[in-house]
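Heads up: numbering here begins at 1 and tracks the sequence. All heavy atoms count here, side chains included; hydrogens, waters and symmetry mates do not.
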Amino acid sequence: MKKIEIERTLKDYHWMMNTVKMMRDSLQSAGTGLVAQYGDEAGMPKAQGVTGDVVLSEVIRRGKRWDQITEYESKIKLIQSNIYVITDEREAEILHWLLEGKSHSWISRHMGLSHTHVNRISISIAKQISENVQYVQNVQKCI
């Protein structure tokens with residue numbers, strides 16, 4: 001994964017975690033409104049190009065949501081499995097607050113650092129994680 005993608009994932013980590021939790025909870029139920037139509041409604045023509053089966057439509061919609069959950073989880077796991085790379089105390093503290101969803105300006109006020117310094121450190125964090133991911137991928141290719 002490239003450094004820019006890691007930076008984006010670090011910024012998005014907090015809401016992705018919340019979204020995965022909420023999506024999993026909402027997809028656990030079977031859903032409502034999935035009853036077949038009877039009477040005049042059942043005999044009415046359906047729109048072209050769209051399935052008239054509401055259950056199938058719901059399965060397709062939920063399948064797309066599960067795919068989205070899987071994508072978010074893979075990004076989350078990538079960050080979680082590479083946190084150990086950050087050993088500097090200041091970098092580790094900034095990483096913690098980034099993963100909690102705090103902004104660079106909030107972190108700079110909290111830690112008494114300039115906004116640009118926090119930005120440089122977060123870029124350094126992303127670079128270290130990116131280099132570790134690439135290293136691990138190269139080692140796995142060799143094996």
Side-chain angles (χ1 to χ4, degrees), residues 1-42 44-141:
M1 190 176 243
K2 296 180 181 179
K3 183 177 74 90
I4 193 84
E5 294 169 336
I6 302 257
E7 287 177 31
R8 167 69 101 201
T9 303
L10 287 173
K11 287 179 183 175
D12 295 346
Y13 181 92
H14 185 72
W15 70 257
M16 281 194 286
M17 284 291 293
N18 290 336
T19 300
V20 166
K21 182 183 180 304
M22 290 176 63
M23 288 168 67
R24 283 181 169 275
D25 290 345
S26 71
L27 292 176
Q28 294 304 320
S29 65
T32 58
L34 301 179
V35 179
Q37 296 177 345
Y38 296 99
D40 292 337
E41 294 175 6
M44 298 300 290
K46 305 291 186 262
Q48 291 291 14
V50 178
T51 180
D53 186 354
V54 293
V55 175
L56 177 59
S57 296
E58 183 66 7
V59 168
I60 292 168
R61 184 189 71 80
R62 287 172 177 253
K64 289 178 182 177
R65 294 304 280 175
W66 280 113
D67 292 344
Q68 191 67 55
I69 289 172
T70 303
E71 182 182 332
Y72 289 161
E73 285 178 337
S74 69
K75 291 178 180 182
I76 290 167
K77 287 176 186 175
L78 182 116
I79 298 298
Q80 290 174 343
S81 64
N82 289 284
I83 289 176
Y84 73 92
V85 172
I86 308 306
T87 56
D88 180 73
E89 283 183 21
R90 186 177 285 182
E91 290 178 343
E93 186 69 12
I94 289 174
L95 175 59
H96 168 75
W97 290 118
L98 286 172
L99 298 182
E100 289 295 318
K102 301 300 183 185
S103 68
H104 287 184
S105 59
W106 186 94
I107 296 168
S108 67
R109 285 191 307 273
H110 169 72
M111 294 182 69
L113 303 171
S114 72
H115 182 272
T116 55
H117 190 63
V118 170
N119 191 43
R120 279 194 305 268
I121 291 174
S122 69
I123 289 170
S124 171
I125 291 168
K127 181 181 177 197
Q128 291 175 60
I129 291 174
S130 175
E131 289 171 352
N132 189 60
V133 168
Q134 290 172 354
Y135 173 76
V136 169
Q137 289 173 344
N138 289 337
V139 167
Q140 288 175 344
K141 286 179 186 176

Residue pair [X] / [Y], side-chain heavy-atom distance below 4.5 Å:
| X | Y | result |
| --- | --- | --- |
| Y72 | D12 | no |
| I83 | L99 | yes |
| R90 | L113 | yes |
| I6 | I79 | yes |
| E7 | K3 | yes |

Q) Do S108 side-chain atoms and S105 backbone N/O form a donor-acceptor pair below 3.5 Å? A)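 Yes, S108 side chain to S105 backbone: donor-acceptor pair under 3.5 Å.
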
Q. Can any side-chain N or O of S81 pair as donor or acceptor with the backbone N or O of K77 at less than 3.5 Å?
A. yes

Q. Can you list the residues that meet the salt bridge (charged side-chain N to carboxylate O under 4.0 Å, His left out) rule with D67, with sequence neighbours excluded?
A. none

**Q.** Qualifying residues under ring pair (Phe, Tyr, Trp, His ring centres under 6.0 Å), relative to H14, sequence neighbours excluded
**A.** none

Q: Not counting sequence neighbours, which residues clear side-chain hydrogen bond (donor to acceptor under 3.5 Å, both in side chains) with E131? List them please.
A: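 Partners of E131 by the side-chain hydrogen bond (donor to acceptor under 3.5 Å, both in side chains) criterion come out as none, since no residue qualifies.
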
Q: Report the C-alpha separation of E5 and T9 in whole Å, then their side-chain angles, then the decisive distance to 0.1 Å, and conclude whether the side chain to side chain donor-acceptor pair (under 3.5 Å) test is met.
A: CA-CA 6 Å; E5 294 169 336; T9 303; over 6 Å; no

Q: Kindly determine whether R61 and E58 satisfy salt bridge (charged side-chain N to carboxylate O under 4.0 Å, His left out), including the steps that lead there.
A: CA-CA 5 Å; R61 184 189 71 80; E58 183 66 7; 2.7 Å; yes

Q: Determine the sole option in I86, D88, N82 for which the side chain to side chain contact (heavy atoms under 4.5 Å, CB included) test with I125 is passed.
A: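 Checked I86, D88, N82 against I125; only one passes side chain to side chain contact (heavy atoms under 4.5 Å, CB included): I86.
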
Q) salt bridge (charged side-chain N to carboxylate O under 4.0 Å, His left out) between E71 and K75: does it pass, once the steps are laid out? A) CA-CA 7 Å; E71 182 182 332; K75 291 178 180 182; 3.6 Å; yes

Q: Examine the side chains of W15 and N18 and answer whether a donor and an acceptor come within less than 3.5 Å of each other.
A: no

